[in-house]
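Report on one structure; see the data block that follows.
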Number of protein chains: 2
Amino acid sequence: MIAADIIIILNIGTSFLRFRLFRLLPVCSNPSIGTLLLLKLADRNLPKLDESLLTGLPPFSRLERPQIREILDQASSRRYDEGTAVFREGHDADRFFLLLDGYLRVIRTTPDGDQIIVLHISPGQLFGIAPALQRDTYPATAMTAAESIALSWPARLWSDFTASYDGFATESYKTLGQRLGQIQQTLTEMATQAVEKRVAAALLRMVNQSGRKTDTGIEIAFPVTRQNISDMTGTTLHTVSRLLSSWEKQGIVESTRKRIAVTDPHQLVLISNGNG
Amino acid sequence: MIAADIIIILNIGTSFLRFRLFRLLPVCSNPSIGTLLLLKLADRNLPKLDESLLTGLPPFSRLERPQIREILDQASSRRYDEGTAVFREGHDADRFFLLLDGYLRVIRTTPDGDQIIVLHISPGQLFGIAPALQRDTYPATAMTAAESIALSWPARLWSDFTASYDGFATESYKTLGQRLGQIQQTLTEMATQAVEKRVAAALLRMVNQSGRKTDTGIEIAFPVTRQNISDMTGTTLHTVSRLLSSWEKQGIVESTRKRIAVTDPHQLVLISNGNG
DNA sequence: CGTTTGTTTGAGGAGCGTCAATAAGTGTGG
DNA sequence: CCACACTTATTGACGCTCCTCAAACAAACG
C-alpha cells in the first residue's frame with residue numbers, strides 16, 4: 001500500500017499529489033507517506049497550491065476559483081512536527097489558520113501547571129480565529145497531535161475576507177458556533193457526569209471526529225496517551241488506564257501504546273449514557 | 001432612598017425615567033422601585049424608547065442617534081418575572097436579545113435532569129445571539145435570575161445590522177469572544193480545581209460581574225441559592241452550604257436566604273488560588 | 001397557619017486521587 | 001546489535017473528598 005503510493009507519486013508528479021491531498025480532506029484524512037511527501041513540498045511553497053485544496057471546505061464553498069486563487073496567493077503554508085505548538089496561549093494573535101492535514105489539540109494551562117484539552121481540530125477546519133473575535137491574544141495553545149500542515153494568513157486579512165468573499169463570514173461563524181456548542185457540551189459533562197462516563201464520551205467524540213476503520217474496529221487517527229485522555233476529562237492517567245484495561249477485558253476497546261481502537265462502539269455509548 | 005425614588009419618578013415623569021434607566025446601565029444596574037416602574041411602562045411599549053438607552057453600549061457605541069432610532073423602532077421590549085425563561089434550549093432561534101435590566105442565567109440541561117449554569121448575563125449585554133452563529137436553535141436556556149427587561153429583534157435583522165451599522169458586528173463578536181473565553185475558563189477550573197476553589201471562584205465571578213457595595217461588604221445583585229451555586233460548580237447544594245457556613249464563621253462572607261455578600265474578598269481570592 | 005422553598009447539619013461510605021513500584025515499548029549512541 | 005535513558009502503561013494499597021441519604025429547621029407566601 002505505502003510502496004504503491006510512493007511509486008505513483010514519483011511517476012505522476014505534483015498535480016496528482018495536489019489532487020490526492022484535496023481528495024483526502026473532505027473525508028477523514030489518512031496521512032500516508034504519499035501525503036507526507038507532499039507536505040515537504042508544500043513546506044517550501046515550491047509548487048503553487050492548487051485551488052482544489054479549498055474548494056470543498058465550508059468557508060470557501062461558495063467561492064469561484066479566481067477568488068480562491070487570490071486567497072491562496074496570500075497564504076503561507078507550513079509543516080509542523082508532532083508535539084509542536086502552532087501558537088501559544090497569550091501570544092499576539094497575528095495570524096489565523098486552516099488545518100490541511102494532521103490533528104491539533106487546543107489546550108489551556110492553569111497557573112499551577114495542570115493542563116486540559118479543550119477540543120480537537122480536524123483537517124479542513126479553521127483555527128486560531130481569535131482575530132475574528134477581536135482578540136489581540138490567542139486564548140489557548142494549539143499543539144499538534146500528529147505531524148500536521150496548515151495554511152495561515154495575517155490577521156488583518158480577516159476583515160478583507162469577510163467583506164470580499166460571500167459566505168466566508170457566514171460559514172466561519174457557523175463553525176465557531178458549533179465549537180462553542182461543543183465546549184458547552186464538554187462543560188456540562190464535566191460538571192455532572194462521573195469519570196467513567198466522561199472518559200467514554202471523550203473516546204466516542206474522538207472516534208466520531210477522526211475515526212478510521214480497521215479490520216477489528218474503529219481506531220483514533222492520531223496518537224493518544226492515557227495522559228491525554230485524562231487531560232480531556234479532568235482525571236488522572238491512572239484512572240484512565242484502569243478504565244481502558246477493564247474495557248479491554250470486556251472486549252470494548254483494543255489499545256497499544258498511543259493507539260486506541262474501539263471494537264464495540266455501541267457498548268461504549270451505553271456506558272457514556274449511564275447504562276454501563 | 002426607595003421612597004425618594006418613587007416621589008421623584010411620579011413628579012418628573014417618564015422622560016426622566018428613561019434617562020435614569022440609561023444612566024444605570026453602563027455601571028452596575030441597581031434595580032429599585034424606580035426602575036421597576038419604568039419596566040412596567042416599557043412593558044406596554046407605551047413611551048417610545050429613548051435613544052439614550054443604547055448610546056453607551058458597546059455594539060452601538062459607534063452609531064449616530066438616527067441610526068439608533070432605526071434600531072430601536074424595530075425592537076420589541078418585554079418584562080420577565082424572576083425565574084421565567086426568555087428562550088429555551090433547542091427552540092427555534094428566531095430572535096436575538098439585549099438585556100436592559102435584571103440578570104440572566106444561561107443554563108444547559110442534561111438528559112437525566114441535571115442542569116448547570118454556563119454563565120450569567122448582566123445589563124447591557126446582547127444574548128441569544130445564536131442567529132449570529134448561523135444556528136437555527138438556541139444552544140441553551142436563558143432564565144431570569146431577577147425581574148428583567150429585554151429588547152429583542154427578529155433574527156433576520158442580524159445580517160442587516162452587521163451590514164448597515166459600522167462596528168456592530170465587530171463589537172458583538174468581541175463580546176462573543178469574551179464569553180467563549182469565560183466558558184473555557186470555567187471548563188478548565190471544573191476539570192482541574194477542587195470543589196472549594198471552584199465555589200470560591202464562582203462567588204468571585206458573580207461579585208466582580210454584578211457586585212454592589214453595602215456597608216459591610218459587596219453583595220451579589222441578584223438572588224442566588226445554594227442550589228444555584230452548586231449548578232455553577234458541579235457539586236451539591238449540601239457541599240455549598242457547608243462551605244458557606246464555614247466561611248461565614250471565618251468572617252469571609254455573610255448570607256441570608258438567597259442573598260450573599262462577600263465581606264473579605266481578598267481571603268476568598270486566596271482560597272480560589274489554593275492558599276486557603 | 002399550613003405549604004412550599006431554601007438552608008443546615010450529621011453519619012456513612014464509595015469513587016477516585018495519591019503514592020509507589022514495576023514493566024513494556026521506543027529512540028539514541030556507541 | 002546491545003546498552004541505556006526515557007516515555008508510556010499497568011496495577012496495588014490507602015485514604016481523603018465529597019456525594020448520598022436523612023432529618024430538622026427557617027423563611028416566605030398566600
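Quick note on labels: first sequence line is chain A, next is B, and so on, each numbered from 1.
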Between [N] atom [atom2] and [X] atom [atom1], what is the distance in whole Å?
X: A/Ile260; N: D/dT10; atom1: CD1; atom2: P; result: 9 Å
X: A/Glu82; N: D/dT8; atom1: CD; atom2: C1'; result: 13 Å
X: A/Glu254; N: D/dA9; atom1: CD; atom2: P; result: 16 Å
X: A/Arg226; N: C/dG17; atom1: CZ; atom2: P; result: 16 Å
X: B/Lys197; N: D/dC18; atom1: NZ; atom2: C1'; result: 15 Å
X: A/Asp231; N: C/dG17; atom1: CG; atom2: P; result: 12 Å
X: B/Arg198; N: D/dC18; atom1: CZ; atom2: P; result: 8 Å
X: A/Ile229; N: D/dT8; atom1: CD1; atom2: P; result: 13 Å

A/Arg242: partners by side chain to side chain donor-acceptor pair (under 3.5 Å), with sequence neighbours left out:
none
All N/O pairs under 3.5 Å across the protein-nucleotides 26-29 of chain C interface:
residue, atom, partner, partner atom, Å
C/dT26, O4', A/Arg257, NH1, 3.2

Determine, stepwise, if the pair A/Leu203 / A/Leu244 fulfils side-chain contact (heavy atoms from CB on, under 4.5 Å).
CA-CA 10 Å; A/Leu203 275 186; A/Leu244 285 179; 4.0 Å; yes
Just to be sure I understand the rule, does A/Thr235 reach a base, reach only the sugar-phosphate, or reach nothing, if contact means heavy atoms closer than 4.0 Å?
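Since only primed, P, OP1 and OP2 atoms lie under 4.0 Å of A/Thr235, the category is sugar-phosphate.
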Which parts of nucleotides 11-17 of chain D does protein reach within less than 4.0 Å, heavy atoms only, written one letter per nucleotide 5' to 3' as B for base, S for sugar-phosphate only and - for none?
BBB----
Holding to ring-ring contact (aromatic ring centres under 6.0 Å, His included), I want the full list of residues that pass it with B/Tyr138, two or more places apart in sequence or in another chain.
B/Phe87
Looking at A/Thr225, I'd like to know whether one of its side-chain N or O atoms comes within less than 4.0 Å of OP1 or OP2 on D/dT8.
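Indeed not, no polar side-chain atom of A/Thr225 lies that close.
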How far does the helix from C/dC1-D/dG30 to C/dG30-D/dC1 bend, going by the axes of its first and last five pairs, to the nearest 10°?
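One end axis against the other gives 40°.
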For B/Pro139 against A/Gln184, the heavy-atom pair lying closest together
O-OE1, 4.0 Å
Taking atom types as modelled and ignoring hydrogens, do the side chains of B/Thr110 and B/Gln115 form a donor-acceptor contact shorter than 3.5 angstrom?
no
Before you tell me yes or no, could you show the steps for A/Met232 and A/Arg198 under side-chain contact (heavy atoms from CB on, under 4.5 Å), namely the whole-Å CA-CA distance, both residues' side-chain angles and the distance that decides it to 0.1 Å?
CA-CA 9 Å; A/Met232 297 174 62; A/Arg198 300 208 299 265; over 6 Å; no
What pairs of nitrogen or oxygen atoms, one from the protein and one from nucleotides 1-3 of chain C, lie under 3.5 Å apart?
none

